[in-house]
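In this text, all values refer to a predicted model and were calculated from it rather than measured experimentally. Sequence lines set the chain letters: A, B, ... in the order given, protein chains first and strands last, and positions in each chain run from 1.
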Amino acid sequence: MSKSQTQPEMLSGGEMLCRALHDEGVEYVYGYPGGSVLHIYDALHQQTQIKHILVRHEQAATHMADAYARASGRAGVVLVTSGPGATNAVTGIATAYMDSIPMVVITGQVMSHLIGGDAFQETDMVGISRPVVKHNMVIKDPRDIPEAIKKAFYIAESGRPGPVVVDVPKDMTMPNEKFPYHYPERIKMRSYNPVKKGHSGQIRKAVNLLLQAKKPVIYAGGGVILGKASGELTQLAKLLNYPVTNTLMGLGGYPGTDNQFIGMLGMHGTYESNMAMHNADVILAVGARLDDRVTNNVSKFCPNAKLIHIDIDPSSISKNIPADIPIVGPVKSVLGEMLEQIEQSSQSVDDAALDRWWTQINEWRERHGGRYRKDDSKMMKPQFVIETLCKVTEGDAFVCSDVGQHQMFAAQYYKFNKPNRWINSGGLGTMGFGLPAAMGVQLNYPDADVVCVTGEGSIQMNIQELSTCRQYGLPVKILCLNNGYLGMVRQWQDMNYESRYSHSYLDSLPDFAKLAESYGHVGIVVEHAEELEDKLKEALAIKDKAVFIDVRIDPEEHVYPMQVPNGSMCDMFLSKTERT
Amino acid sequence: MRHILSVLMENESGALARLVGLFAQRGYNIDSLNVAPTDDVTLSRLTLVTRGDDQIIEQITKQLNKLVEVVKVVDLTEGAHVERGLMMVKVRAAGAQREEIKRSADIFRAQIIDVTPTTYTIMVTGDEEKLAAFLEALSGATIMEVARTGVSGVARGEKVLSL
Ligand SMILES: Cc1cc2nc3c(=O)[nH]c(=O)nc-3n(C[C@H](O)[C@H](O)[C@H](O)COP(=O)(O)OP(=O)(O)OC[C@H]3O[C@@H](n4cnc5c(N)ncnc54)[C@H](O)[C@@H]3O)c2cc1C
Ligand SMILES: Cc1ncc(C[n+]2csc(CCOP(=O)(O)OP(=O)(O)O)c2C)c(N)n1
Ligand SMILES: [Mg+2]
């Protein structure tokens with residue numbers, strides 16, 4: 001036996017934290033220092049395994065870590081100080097929580113003996129974060145650090161993923177107090193055992209129902225991406241020749257250019273996917289949570305459909321819409337088992353019915369699918385900007401979006417053929433997500449094209465990160481669909497408030513191109529449709545610098561289709577003047 | 001519908017706050033709640049009385065099971081079970097009323113556990129109906145203070161909630 005096996009290394013709490021992260025395979029930690037984490041920062045300084053990225057605001061650290069997780073499937077790691085550092089991170093933690101993104105957030109805390117006494121920079125982070133984390137914990141003994149970190153990663157990444165907060169009082173990291181270090185290989189918890197496999201009997205029932213369908217739809221969500229099951233999903237859809245629709249979170253889980261793909265569904269879904277859902281007789285929901293942005297009024301939801309619902313989290317099933325056949329389990333293994341059963345089944349799909357169904361769907365596609373108003377206004381259409389982006393990046397970029405109309409245009413007009421390429425905040429809808437998200441992805445995928453699609457409103461919520469971007473030389477491309485308005489808010493004001501634009505106008509905008517230049521980036525302004533493609537190509541050709549592309553678009557353009565509030569899935573506004 | 005949920009969970013600080021927070025956050029009712037360690041001190045058993053239709057109770061059960069510290073959840077009201085709560089009532093007991101209050105206590109098999117010249121403190125156990133009936137029986141007297149534990153319960157027969 002080697003010496004290290006018999007005599008474990010003696011490390012301080014701060015050193016153990018760094019070492020445990022390394023043993024977990026972590027490369028980058030995103031953070032910001034302060035009083036209660038100074039021992040940890042000192043330990044970081046004295047090692048080389050973990051690289052720390054210094055942001056300009058803690059919220060950005062969480063979004064960077066979150067986006068890394070969305071692109072890679074592994075938990076991102078954040079390190080912030082107590083009090084304001086921790087509270088600044090809360091929006092990012094909630095963002096990850098709503099979209100089930102794995103993340104480990106280490107928050108400093110005041111000395112144990114000061115807790116509860118309103119000490120300087122004390123906040124009850126465990127209490128504050130409780131409703132927006134999968135789990136959280138406080139370190140009570142430095143000896144527990146390695147196991148706590150292992151546990152945090154295990155909980156964050158397994159089952160339905162989510163953020164985990166580890167609160168570390170300063171006295172847990174004293175440099176001179178050393179303890180034997182041992183990183184556990186695995187963790188066993190009697191109270192936490194995520195499901196590994198679906199119930200075969202339920203899967204059999206589902207397959208039977210699925211094969212009897214005359215008007216089937218596969219409705220696939222973020223769970224397919226989180227569960228790395230886009231291969232199985234595609235195989236299943238191809239085997240059956242059934243139409244597939246994706247939620248906002250599921251985009252890329254099924255190839256966007258495939259003919260069986262009928263587009264996104266829901267509030268801003270395509271006409272054909274919302275029509276298909278409403279008229280379906282069997283819906284296979286895969287890793288999707290029947291969110292209110294999808295169902296519209298639940299009492300009018302898909303009146304003739306039987307619902308098969310696959311989800312790893314039982315609480316997602318029959319929460320909003322009762323499932324006829326619930327299957328609790330990881331999508332990958334459940335879809336795998338479905339494929340096997342279908343291949344072995346003597347039953348086959350009803351080809352004649354399916355033909356009629358496809359004829360109907362294609363008719364819907366013809367009628368309204370994926371078109372926008374190309375009127376004579378000289379203004380550039382946001383849809384055209386995204387189409388052009390998709391063209392010049394060959395549909396293969398990481399697209400990290402902010403929140404608003406531009407997000408919807410990106411979702412509708414960029415065709416994602418791969419999972420993990422579309423990075424956006426769906427559940428919380430956090431403006432300010434886009435830029436740090438793009439930076440987090442670019443850092444980990446240095447050779448990839450990473451584009452932040454944003455609006456002039458959203459970008460200003462974390463614009464200070466242009467500085468971080470410069471410091472680490474991250475050549476992200478910021479594509480700002482500048483309409484001079486909080487467009488999404490304005491759209492609602494047009495529809496529901498007789499165009500009373502209460503505070504949806506952004507006055508005093510900076511010259512974004514010059515602002516970017518002042519940080520050492522490249523700034524480009526695009527005012528005419530004819531120059532767009534060339535300028536985008538020019539921007540994408542710049543591999544060593546970030547580029548801010550400020551595109552002046554038509555402020556009058558709205559996102560369509562848009563479901564009529566309180567209606568069924570197929571009640572939609574199709575343009576300013578048309579309604580279904 | 002009234003439901004009694006029994007929850008076995010890790011006896012760790014923060015676990016209770018998480019559970020109670022869940023109810024507040026998701027707008028579920030708690031009529032009563034009681035919690036203490038079991039014979040195995042690493043585990044706490046919590047009994048909670050709540051209300052809701054089947055869909056809400058299903059969601060509550062699922063959400064409870066999702067909490068990382070929760071080991072098991074059962075709905076006692078799904079089967080035969082026994083439930084008891086304990087109540088202490090301090091009443092004004094002077095003059096002629098003293099005898100009358102004592103008689104009521106005897107009928108309910110309650111015990112007088114503290115006596116002063118002017119007060120009785122009476123302890124009574126039973127299901128919620130019995131405790132309510134006892135308070136009703138005391139309605140002629142002046143009730144100074146009531147302390148109740150809330151319901152605790154187990155399934156009848158062989159069925160147990162354990163690891
Ligand atoms: C401005 C705006 C407009 C929006 N408009 C729309 C819209 O038009 N259409 C739309 O769809 N959304 C829209 N959204 C997003 C919406 O709010 C929700 O975030 C989204 O619909 C949820 O997607 P999902 O159902 O795929 O669930 P997700 O939030 O992605 O949840 C994933 C589900 O999969 C499960 N899961 C996770 N891992 C696994 C696994 N391994 N195996 C099985 N199951 C797993 C989880 O338990 C969860 O239930 C909009 C958001 C914004 C901000
Ligand atoms: C932090 C935050 N605050 C407010 C909102 C509400 N909101 C949603 S979209 C939007 C407007 C976004 O404006 P912009 O970034 O310019 O995008 P556009 O809709 O114009 O494309 C607002 C204010 C939000 N989603 N996030
Ligand atoms: Mg705007």
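Using a 4.5 Å heavy-atom threshold, the side chains of Ile112(B) and Lys102(B) count as touching. You'll find the side chain of Thr62(A) stays beyond 4.5 Å of the side chain of Thr91(A), heavy atoms only. Using a 4.5 Å cut-off on side-chain heavy atoms (C-beta onward), Glu128(B) and Val49(B) make contact.
Counting heavy-atom pairs closer than 4.5 Å to chain A, the top residue among Gln63(B), Glu69(B), Gln55(B) is Glu69(B). When Lys319(A), Lys140(A), Lys134(A), Arg190(A) are compared by the number of non-hydrogen pairs under 4.5 Å with chain B, Arg190(A) comes out ahead. Contact tally against chain A (heavy-atom pairs below 4.5 Å) for Gln25(B), Arg26(B), Arg18(B): the top residue is Arg18(B).
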Audit row: Ser152(B), Arg84(B), side-chain hydrogen bond (donor to acceptor under 3.5 Å, both in side chains) steps and yes/no: CA-CA 6 Å; Ser152(B) 192; Arg84(B) 294 287 182 273; over 6 Å; no
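Only the side chain of Ser13(B) has a heavy atom closer than 4.5 Å to any heavy atom of chain A. Interface remark: Met137(A) contributes no atoms to any contact with chain B (heavy atom separation under 4.5 Å). With a 4.5 Å cut-off on non-hydrogen atoms, Gln59(B) touches chain A through its side chain but not through its backbone. The contact between Leu163(B) and chain A is made entirely by side chain atoms (from C-beta outward), counting heavy-atom distances below 4.5 Å. In this structure, no portion of Asn193(A) lies under 4.5 Å from any heavy atom of chain B. Contacts between Val68(B) and chain A at a heavy-atom distance below 4.5 Å involve backbone atoms as well as side-chain atoms.
In terms of modelled atom types and a separation under 3.5 Å, the side chain of Asp144(A) and the main chain of Ile139(A) share no donor-acceptor contact.
Atom NE2 of His81(B) sits in a crowded spot, with more than 12 heavy atoms from other residues, nucleotides or ligands closer than 6.0 Å. Counting non-hydrogen atoms of neighbouring residues, nucleotides and ligands closer than 6.0 angstrom, the CD atom of Glu100(B) reaches no more than 12 such neighbours.
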